[in-house]
Amino acid sequence: MKRLIAVLFLLLVLIAISTLEQIYVNKFLYNLAVKSDQVSQAIEIDDKNLERKEVKTSFENLNSFWEDAKNKICYFTNYEKIKSVDESFVKLSTAIKNNDSSLAIENIAVIKEYSKLFTYFMGFNINNLL
């Protein structure tokens with residue numbers, strides 16, 4: 001009887017931890033998508049002048065969010081996937097500094113796409129359990 005109670009308790013703890021992990025990942029991915037959309041919208045307003053305050057502010061918000069979250073999110077996915085998003089952030093930063101709108105639009109689209117793909121990589125599905 002004690003073993004059954006211990007097994008049930010551990011199962012409940014595992015379910016609670018998994019639920020909290022899923023909530024954190026969903027919140028992270030939602031915030032990443034929203035903040036990258038803000039950057040994308042700021043770029044599209046006037047794609048000839050990326051040195052505007054709106055673009056810089058929205059990019060700084062996105063970049064600071066990413067820098068804060070990436071060390072935590074690496075517990076939920078492979079670091080190689082995070083590294084590729086980091087590369088897109090570097091390219092986006094360079095594009096904004098160089099006022100290269102086509103490269104900026106391309107890299108913000110990549111970041112937005114990763115926010116969708118990470119749902120599969122980090123979310124709950126059978127492939128992640130195996």
Side-chain angles (χ1 to χ4, degrees):
M1 186 68 177
K2 288 182 181 180
R3 284 187 176 175
L4 179 62
I5 292 173
V7 168
L8 289 175
F9 176 74
L10 290 175
L11 186 61
L12 288 174
V13 168
L14 182 62
I15 290 171
I17 290 171
S18 299
T19 303
L20 291 174
E21 174 188 350
Q22 189 65 35
I23 290 169
Y24 178 78
V25 166
N26 286 342
K27 183 179 175 184
F28 164 75
L29 293 174
Y30 174 77
N31 287 334
L32 182 63
V34 166
K35 291 180 185 304
S36 60
D37 277 337
Q38 290 171 349
V39 174
S40 180
Q41 290 170 358
I43 290 172
E44 289 174 0
I45 290 172
D46 181 12
D47 62 352
K48 303 294 183 222
N49 183 14
L50 298 183
E51 296 183 3
R52 294 184 338 273
K53 182 181 178 185
E54 298 89 15
V55 175
K56 288 185 178 187
T57 302
S58 60
F59 175 70
E60 287 171 5
N61 288 339
L62 175 64
N63 195 35
S64 66
F65 169 75
W66 175 253
E67 290 298 323
D68 292 341
K70 77 177 178 181
N71 292 330
K72 296 173 192 164
I73 213 69
C74 69
Y75 293 117
F76 305 114
T77 189
N78 186 342
Y79 184 73
E80 289 300 316
K81 292 172 181 59
I82 294 173
K83 187 173 138 184
S84 58
V85 177
D86 262 344
E87 290 171 2
S88 294
F89 269 95
V90 170
K91 290 177 185 177
L92 178 60
S93 174
T94 304
I96 290 173
K97 287 178 185 173
N98 293 335
N99 203 26
D100 186 353
S101 62
S102 62
L103 186 61
I105 291 170
E106 183 179 310
N107 282 293
I108 196 64
V110 169
I111 293 169
K112 288 165 61 173
E113 188 63 30
Y114 273 115
S115 72
K116 294 174 188 168
L117 287 175
F118 277 168
T119 303
Y120 175 75
F121 292 133
M122 295 186 287
F124 179 77
N125 62 47
I126 297 300
N127 292 336
N128 290 345
L129 295 176
L130 301 177

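All values derive from a computational prediction rather than experimental measurement.
- Shown here are the salt bridge (Lys or Arg N to Asp or Glu O under 4.0 Å) partners of Glu54, two or more places apart in sequence or in another chain: Arg52.
- Taken to the nearest 0.5 Å, the CD atom of Gln41 stands 9.5 Å off from the OG atom of Ser36.
- Considering OG of Ser58 and CG of Asn63, their distance stands at 11.0 Å, rounded to 0.5 Å.
- Counting only N and O atoms by type, the side chains of Ser84 and Tyr114 include a donor and acceptor under 3.5 Å apart.
- The two residues Lys72 and Asp68 make their nearest non-hydrogen contact at CE-O, 4.2 Å.
- In this structure, Lys70 NZ and Asp86 CG are separated by 3.5 Å, a value rounded to the nearest 0.5 Å.
- For the ring-ring contact (aromatic ring centres under 6.0 Å, His included) test, residues two or more places apart in sequence or in another chain that qualify with Tyr24 are Phe76.
- Note: Leu10 CG to Ile5 CD1 = 12.0 Å, rounded to the nearest 0.5 Å.
- The minimum heavy-atom distance linking Ser115 with Leu29 is given by the pair O-CD2, 3.7 Å.
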Apply side chain to side chain contact (heavy atoms under 4.5 Å, CB included) to the pair Thr19 and Ile15, showing each step before the final yes or no. CA-CA 6 Å; Thr19 303; Ile15 290 171; 4.1 Å; yes
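- The aromatic rings of Trp66 and Phe28 lie tilted to each other, with the angle between the two planes from 30° to 60°.
- Criterion: ILVMFWY side-chain heavy atoms under 4.5 Å apart, direct or through other members. Under it, Phe9 and Ile17 are part of a common hydrophobic cluster.
- Across every non-hydrogen atom of Ile111 and Ser88, the tightest pair is CG1-CB, 3.8 Å.
- Cluster membership check: Val110 shares its hydrophobic cluster with Ile108, using side-chain heavy-atom separations under 4.5 Å among Ile, Leu, Val, Met, Phe, Trp and Tyr.
- One finds the CG atom of Asn26 at 10.0 Å from the CD atom of Glu21 (value rounded to the nearest 0.5 Å).
- Among residues at least two apart or in separate chains, salt bridge (Lys or Arg N to Asp or Glu O under 4.0 Å) pairs with a member in residues 29-43 are Asp37-Lys112.
- When hydrophobic clusters are built by joining Ile, Leu, Val, Met, Phe, Trp and Tyr residues whose side-chain heavy atoms come closer than 4.5 Å, directly or via intermediates, Leu103 is not grouped with Val85.
- Counting only distance, with no hydrogens or angles, the side chain of Ser64 and the backbone of Glu60 share a donor-acceptor pair below 3.5 Å.
- Ile43 and Ala104 make their closest contact through CD1-CB, 3.9 Å (heavy atoms, listed as atom of the first residue, atom of the second, distance).
- Here the straight-line distance linking atom CG of Asn107 with atom CD of Glu87 works out to 10.0 Å at 0.5 Å rounding.
- In this structure the side chain of Gln22 never reaches within 4.5 angstrom of the side chain of Ser18, judged on heavy atoms.
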